[in-house]
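Before any comments, here is the structure.
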Amino acid sequence: MLPLKSLSKELGLQESPLGRKTYFHQEGKVALMFLKSYNGASDRDLIMQLNANIHYQLFCRIRIPPLNPLTNFKNGVKQ
(Lines give C-alpha, C1' and ligand atoms only; values in the text may rest on other atoms or scores of the structure.)
Protein backbone atom coordinates (compact mmCIF):
# COMPACT_ATOMS: atom_id res chain seq x y z
CA MET A 1 0.00 0.00 0.00
CA LEU A 2 1.13 3.49 -0.77
CA PRO A 3 0.97 6.01 2.06
CA LEU A 4 -1.13 8.42 -0.04
CA LYS A 5 -2.31 10.51 2.89
CA SER A 6 1.15 11.14 4.33
CA LEU A 7 2.59 11.76 0.85
CA SER A 8 -0.08 14.36 0.11
CA LYS A 9 0.72 16.10 3.40
CA GLU A 10 4.48 16.06 2.69
CA LEU A 11 3.85 17.51 -0.78
CA GLY A 12 1.76 20.26 0.79
CA LEU A 13 -1.37 19.49 -1.21
CA GLN A 14 -4.48 21.18 0.07
CA GLU A 15 -7.90 22.32 -1.11
CA SER A 16 -7.97 25.84 -2.51
CA PRO A 17 -11.08 27.96 -2.04
CA LEU A 18 -10.24 29.83 -5.25
CA GLY A 19 -10.98 28.72 -8.80
CA ARG A 20 -12.79 25.63 -9.97
CA LYS A 21 -13.47 22.80 -7.60
CA THR A 22 -11.24 19.86 -8.42
CA TYR A 23 -12.65 16.37 -8.82
CA PHE A 24 -9.81 14.77 -6.82
CA HIS A 25 -8.99 14.89 -3.14
CA GLN A 26 -5.38 15.30 -2.08
CA GLU A 27 -4.77 11.53 -1.85
CA GLY A 28 -6.37 11.04 -5.26
CA LYS A 29 -4.00 13.57 -6.80
CA VAL A 30 -1.00 11.65 -5.46
CA ALA A 31 -2.49 8.38 -6.72
CA LEU A 32 -3.04 9.95 -10.14
CA MET A 33 0.60 11.12 -10.26
CA PHE A 34 1.70 7.60 -9.34
CA LEU A 35 -0.45 6.03 -12.09
CA LYS A 36 0.85 8.49 -14.67
CA SER A 37 4.46 7.68 -13.82
CA TYR A 38 3.83 3.93 -13.50
CA ASN A 39 2.13 3.69 -16.92
CA GLY A 40 4.19 6.31 -18.72
CA ALA A 41 0.93 7.82 -19.97
CA SER A 42 0.28 11.33 -21.22
CA ASP A 43 -2.28 13.47 -19.40
CA ARG A 44 -4.87 12.79 -22.10
CA ASP A 45 -4.28 9.02 -22.07
CA LEU A 46 -4.38 8.88 -18.28
CA ILE A 47 -7.76 10.63 -18.10
CA MET A 48 -9.13 8.36 -20.85
CA GLN A 49 -7.95 5.30 -18.91
CA LEU A 50 -9.32 6.72 -15.67
CA ASN A 51 -12.75 7.22 -17.26
CA ALA A 52 -12.81 3.63 -18.52
CA ASN A 53 -11.05 1.67 -15.79
CA ILE A 54 -12.87 1.12 -12.48
CA HIS A 55 -9.63 -0.12 -10.91
CA TYR A 56 -7.94 3.21 -11.59
CA GLN A 57 -10.94 5.00 -10.12
CA LEU A 58 -10.86 2.89 -6.96
CA PHE A 59 -7.11 3.48 -6.62
CA CYS A 60 -7.67 7.25 -6.90
CA ARG A 61 -10.66 7.03 -4.53
CA ILE A 62 -13.13 8.54 -6.98
CA ARG A 63 -16.12 7.32 -8.96
CA ILE A 64 -16.71 8.71 -12.44
CA PRO A 65 -20.19 8.05 -13.86
CA PRO A 66 -19.94 6.51 -17.36
CA LEU A 67 -22.46 9.01 -18.71
CA ASN A 68 -20.54 11.98 -17.30
CA PRO A 69 -16.80 11.31 -17.86
CA LEU A 70 -13.96 13.72 -17.20
CA THR A 71 -13.24 15.67 -20.37
CA ASN A 72 -10.61 18.23 -19.39
CA PHE A 73 -7.33 16.34 -19.15
CA LYS A 74 -5.37 19.46 -18.18
CA ASN A 75 -6.70 19.76 -14.63
CA GLY A 76 -9.02 16.82 -14.02
CA VAL A 77 -12.29 18.72 -13.84
CA LYS A 78 -15.66 18.13 -15.44
CA GLN A 79 -16.70 20.66 -18.03
From CD (Glu27) to NZ (Lys9), nearest 0.5 Å: 8.5 Å
Working to the nearest 0.5 Å, report the span between CZ of Arg61 and NZ of Lys29. 14.5 Å
Hydrophobic cluster membership, with links at side-chain heavy-atom distances under 4.5 Å among I/L/V/M/F/W/Y: are Met48 and Leu32 in one? no
With sequence neighbours excluded, residues passing ring-ring contact (aromatic ring centres under 6.0 Å, His included) with Phe59: Phe34
Using side chain to side chain contact (heavy atoms under 4.5 Å, CB included) as the criterion, list what pairs up with Ala52, not counting sequence neighbours. none
Using the test salt bridge (Lys or Arg N to Asp or Glu O under 4.0 Å), find all partners of Lys36 that sit at least two apart in sequence or belong to another chain. Asp43
Same apolar cluster (I L V M F W Y, side chains within < 4.5 Å links), Tyr38/Leu58: no
Would you confirm whether Asn51, through its side chain, and Pro69, through its main-chain N or O, come within 3.5 Å as a donor-acceptor pair? no
Leu11 versus Met33: any side-chain heavy-atom pair under 4.5 Å? yes
Can you list the residues that meet the side chain to side chain contact (heavy atoms under 4.5 Å, CB included) rule with Asn53, with sequence neighbours excluded? His55, Tyr56
Value rounded to 0.5 Å, distance of CD1 in Ile64 from CD1 in Ile47: 7.0 Å
Just jot down the side chain to side chain donor-acceptor pair (under 3.5 Å) partners of Gln57, sequence neighbours excluded, or say none. Arg63
Just by distance, do the side chain of Asp45 and the backbone of Ala41 share a donor-acceptor pair under 3.5 Å? no
Spatial distance of atom SG (Cys60) from atom CG (Leu50) [nearest 0.5 Å]: 5.5 Å
Among all residues two or more places apart in sequence or in another chain, which pass the side chain to side chain donor-acceptor pair (under 3.5 Å) test with Ser6? none
